[in-house]
Amino acid sequence: MDSADEAKVWKVIRAIPAGTVLGYGEVGRLAGFPKRARWVAKLLASKTPAGLPWHRVLRSDGKIAFAEGSSGYERQLAALKKEGVEVRNGRVLKKRVVTEDEHLWGPPV
DNA sequence: CTGATGACTGATA
DNA sequence: CTATCAGCCATCA
């Protein structure tokens, strides 16, 4: 895994609009890695850059990936609510995704 | 090399 | 709706 691959992932995550969420698998797919959801999760677990909106990344079913009650869970939940995302019992309602919007890959940040 | 593990996913019952 | 199961893939003992 080169840092270039990681950079793609960061770029995708940074492109997620506030109040919107994406799944690990979707982030991986948009970054060009269809079957690396776990790898993306691993990246976030250890190499998350400062300022990255990692809290906008959830499981495919819209639930927070952390165990309920854990510190990470609390932090992510708070951050999501703060951005206006509706969360019910650890699950995000009306999950809005950016899907295949190519403008995502427009001008470099 | 082998097997276990994990911020995962999709199919099935 | 929840519960299992089988893939998936990088990392580590």
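A note on names: the letters A, B, ... follow the listed sequences, proteins ahead of strands, and every chain is numbered from 1.
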Select one nucleotide: of dA10(C), dC9(C), dT9(B), the one nearest the side-chain heavy atoms of K35(A).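 Selected nucleotide (nearest to the side chain): dC9(C).
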Side chain of R91(A) only, please: which of dC8(B), dA7(B), dC1(C) is the nearest?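 Side chain of R91(A) sits closest to dC1(C).
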Report the C-alpha distance between V12(A) and F33(A) in whole Å, list the side-chain angles of each, state the deciding distance to 0.1 Å, and finish with yes or no for side-chain contact (heavy atoms from CB on, under 4.5 Å). CA-CA 12 Å; V12(A) 170; F33(A) 315 106; over 6 Å; no
Can you tell me how far [atom2] of [N] sits from [atom1] of [X], to the nearest Å?
X      : N       : atom1 : atom2 : answer
I64(A) : dG6(B)  : CD1   : P     : 20 Å
L77(A) : dA7(B)  : CG    : P     : 18 Å
L22(A) : dT9(B)  : CG    : P     : 11 Å
W39(A) : dC8(B)  : CH2   : P     : 15 Å
E68(A) : dA7(B)  : CD    : P     : 16 Å
K47(A) : dT11(C) : NZ    : C1'   : 11 Å
E74(A) : dA7(B)  : CD    : P     : 17 Å
R56(A) : dA7(B)  : CZ    : C1'   : 17 Å

Decide yes or no for L52(A) and R14(A): does some side-chain heavy atom of the first lie under 4.5 Å from some side-chain heavy atom of the second?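 Yes, close enough: below the 4.5 Å cut-off.
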Distance between the P atoms of dA7(B) and dG7(C), in whole angstroms?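 That atom pair is separated by 22 Å.
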Taking atom C1' in both dA13(C) and dC1(B), what distance in whole Å separates the two?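 The answer is 13 Å between these two C1' atoms.
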For dT2(B), the Watson-Crick or wobble partner whose two distances fall under 3.5 Å: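 Partner of dT2(B): dA13(C).
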Donor-acceptor pair under 3.5 Å, R36(A) side chain vs dC9(C) base: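 Check fails, no donor-acceptor contact within cut-off.
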So which atom in R59(A) and which in Y24(A) form the shortest heavy-atom distance, rounded to 0.1 Å?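 R59(A) and Y24(A) have their closest heavy atoms at N-CE1, 3.7 Å.
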Answer yes or no: does a side-chain N or O of R38(A) lie under 4.0 Å from OP1 or OP2 of dG6(B)?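 So the side-chain polar atoms of R38(A) never come under 4.0 Å of the phosphate oxygens OP1 or OP2 of dG6(B).
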As an exercise, state the distance from CG of L58(A) to CZ of F66(A), rounded to the nearest 0.5 Å.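 Nearest 0.5 Å value for the CG-CZ distance: 10.5 Å.
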For E86(A), is there an ion pair with K81(A) - N to carboxylate O distance below 4.0 angstrom?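 No, K81(A) and E86(A) are not salt-bridged.
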